[in-house]
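First comes the structure, then the notes that go with it.
Side-chain atoms are counted along with the backbone in the values below, which use heavy atoms only and exclude waters and symmetry mates. First the proteins, then the strands, lettered A, B, ... as listed; each starts at 1.
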Number of protein chains: 2
Amino acid sequence: MNNTSKEELILEAAMDEFIARGWSGARMQSIADRAGINKTLLHYYYRSKENLYEQIVRRTMEYFFGSIFRKISGIENFEEFLRTFINTLIDLSSDNPRLPMFIMQELSRGGEAVLAILNDVLSRNNPPVTVVMLRNITRAMDQGKIRKISPIQLIMTLLGSSLYFAMAEPIVMKIGGMNGFMEGFDRKSFLEERKKEIFELIYRGLENRVADHG
Amino acid sequence: MNNTSKEELILEAAMDEFIARGWSGARMQSIADRAGINKTLLHYYYRSKENLYEQIVRRTMEYFFGSIFRKISGIENFEEFLRTFINTLIDLSSDNPRLPMFIMQELSRGGEAVLAILNDVLSRNNPPVTVVMLRNITRAMDQGKIRKISPIQLIMTLLGSSLYFAMAEPIVMKIGGMNGFMEGFDRKSFLEERKKEIFELIYRGLENRVADHG
DNA sequence: GTCTATACATCGATAGAC
DNA sequence: GTCTATCGATGTATAGAC
């Protein structure tokens, strides 16, 4: 018996299509083609595009926030937390380059329904992944391991630094190709280098000491 | 005589619409409504949605890359370069929150036409803004002002850190609201704080000295 | 140049046979 | 459950009067 049910086949195809083209760009016919089924079956199983879309948003957010939560929860040491968080974000976004942009894009577009899904997904983990991160940073500050900073600003910097390459990869490669400073580019080793550089830069930047300048 | 010609009115309306909703989400009727004109005139002046879109992409890229170029070109001092680059990106993206995402989104979607526009826009400044940035970073390394790093990785980190908040603002505000750690949030002062925090973190992280850890 | 009316294509959704 | 055929809404684009 085939365990990859038709429902599951559809969901995977729909995820690919919605993430690649967004809500307004996605086509039911294209989802059916990806799944290798008749278009009518999409409506048979999932009633409407809107409904199918909501399930994809839920699934996507569960995957994204769930992955981060599983990786960082339980870590007590700040250096390990920092390194793990960066590595997880880069792995996640390089495996699914359009995922971060999809979440942000459709969350600013989506109305109450999408917000409710986000709320539900985040509250499923206890404590929520957002709280876990804040605690780790605050604790490190209290213990004097890092200097006093705004935890939220640090989280933004970590997210931005780690997710940006995957989001901007097409344009980066194009600009890089034009200027010739991407010769012999190897994606895999670039991403490994990226993990190290981000960690090193931020870890040094957080050290609890007086800086050279004013 | 009204200097805001009808062509210009249409372009501004189209820019708002395309940036807000993307290629597939944008509606010609909605552009006409924003411009306060009849829908037919869009085709009279710009022939097709595709053609209008290309002009918007060009205009957007000229604005974005041109702004950065004008701000950073001519700066010799590395610290000033770093500060100016960060400030410019944050000002640009907070004034036009959807602009960075639009450029990235539509550049990964767009085909040859969009790439040609990018090529054209970048090569208009001499030297291109990308080269200016690389030079500044490389010079600072050669002079021993900062430690040895990968210039491209640094540029990615700067872009990601500075642009991320504007891109993710809707989701950040929602998550922040849910967890109650965004009480009394003031956008303007947050952004000013953000400029300082990013600069401080990265400047310290680049200092040419031995770090605490391995 | 600007309008109304309408052609034409696409897409989501459903009816109905099997 | 799965298919073909088709409806109805929406969106781009144009014809033609003024």
Roughly, in whole Å, what's the span from [atom1] in [X] to [atom2] in [N]?
{"X": "B:K49", "N": "C:dT10", "atom1": "NZ", "atom2": "C1'", "value": "12 Å"}
{"X": "B:K39", "N": "C:dT4", "atom1": "NZ", "atom2": "P", "value": "12 Å"}
{"X": "A:L41", "N": "C:dG12", "atom1": "CG", "atom2": "P", "value": "15 Å"}
{"X": "B:M28", "N": "C:dT10", "atom1": "CE", "atom2": "C1'", "value": "16 Å"}
{"X": "A:R27", "N": "C:dT10", "atom1": "CZ", "atom2": "C1'", "value": "8 Å"}
{"X": "A:I31", "N": "C:dC11", "atom1": "CD1", "atom2": "P", "value": "12 Å"}
{"X": "A:R21", "N": "C:dC11", "atom1": "CZ", "atom2": "C1'", "value": "14 Å"}

Check whether any side-chain nitrogen or oxygen of A:H43 sits under 4.0 Å from OP1 or OP2 of C:dA13, and answer yes or no.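 Yes, such a contact exists.
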
Span of DNA chain D in contact with chain A (heavy atoms, under 4.0 Å):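 Counting from the 5' end, contacts occupy D:dG1 to D:dT4.
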
If every non-hydrogen atom of B:R204 is compared with every non-hydrogen atom of A:G205, which pair is closest and at what distance?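 Where B:R204 meets A:G205 most closely, the heavy atoms are CD-O, 3.5 Å.
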
Near-ring test A:Y164/B:Y164, centroid separation under 6.0 angstrom: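 When the ring centroids of B:Y164 and A:Y164 are compared, they turn out to be at least 6.0 Å apart.
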
Side chains of B:R194 and B:S161: donor-acceptor distance under 3.5 Å anywhere?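 Note: B:R194 and B:S161 side chains miss the donor-acceptor criterion.
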
If you look at every strand shown and take non-hydrogen atoms under 4.0 Å, does A:A26 touch a base, only sugar-phosphate, or nothing?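 Sugar-phosphate: the residue A:A26, judged by heavy atoms under 4.0 Å, touches backbone atoms but no base.
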
Using a 4.0 Å heavy-atom cut-off across all strands, classify A:Y46 as base, sugar-phosphate, or nothing.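 A:Y46: no heavy atom of the nucleic acid under 4.0 Å.
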
Could you pull out all residues at least two apart from B:Y44 that satisfy side-chain contact (heavy atoms from CB on, under 4.5 Å)?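 For B:Y44 the side-chain contact (heavy atoms from CB on, under 4.5 Å) partners, ignoring immediate neighbours, are B:L41.
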
For B:F102, enumerate each residue passing the ring pair (Phe, Tyr, Trp, His ring centres under 6.0 Å) test, keeping only those at least two apart in sequence or located in another chain.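 By the ring pair (Phe, Tyr, Trp, His ring centres under 6.0 Å) rule, B:F102 matches no residue at all.
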
Should we count CD of A:E50 as having more than 12 external heavy atoms under 6.0 Å?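 Yes, the 6.0 Å shell around CD holds more than 12 heavy atoms from other groups.
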
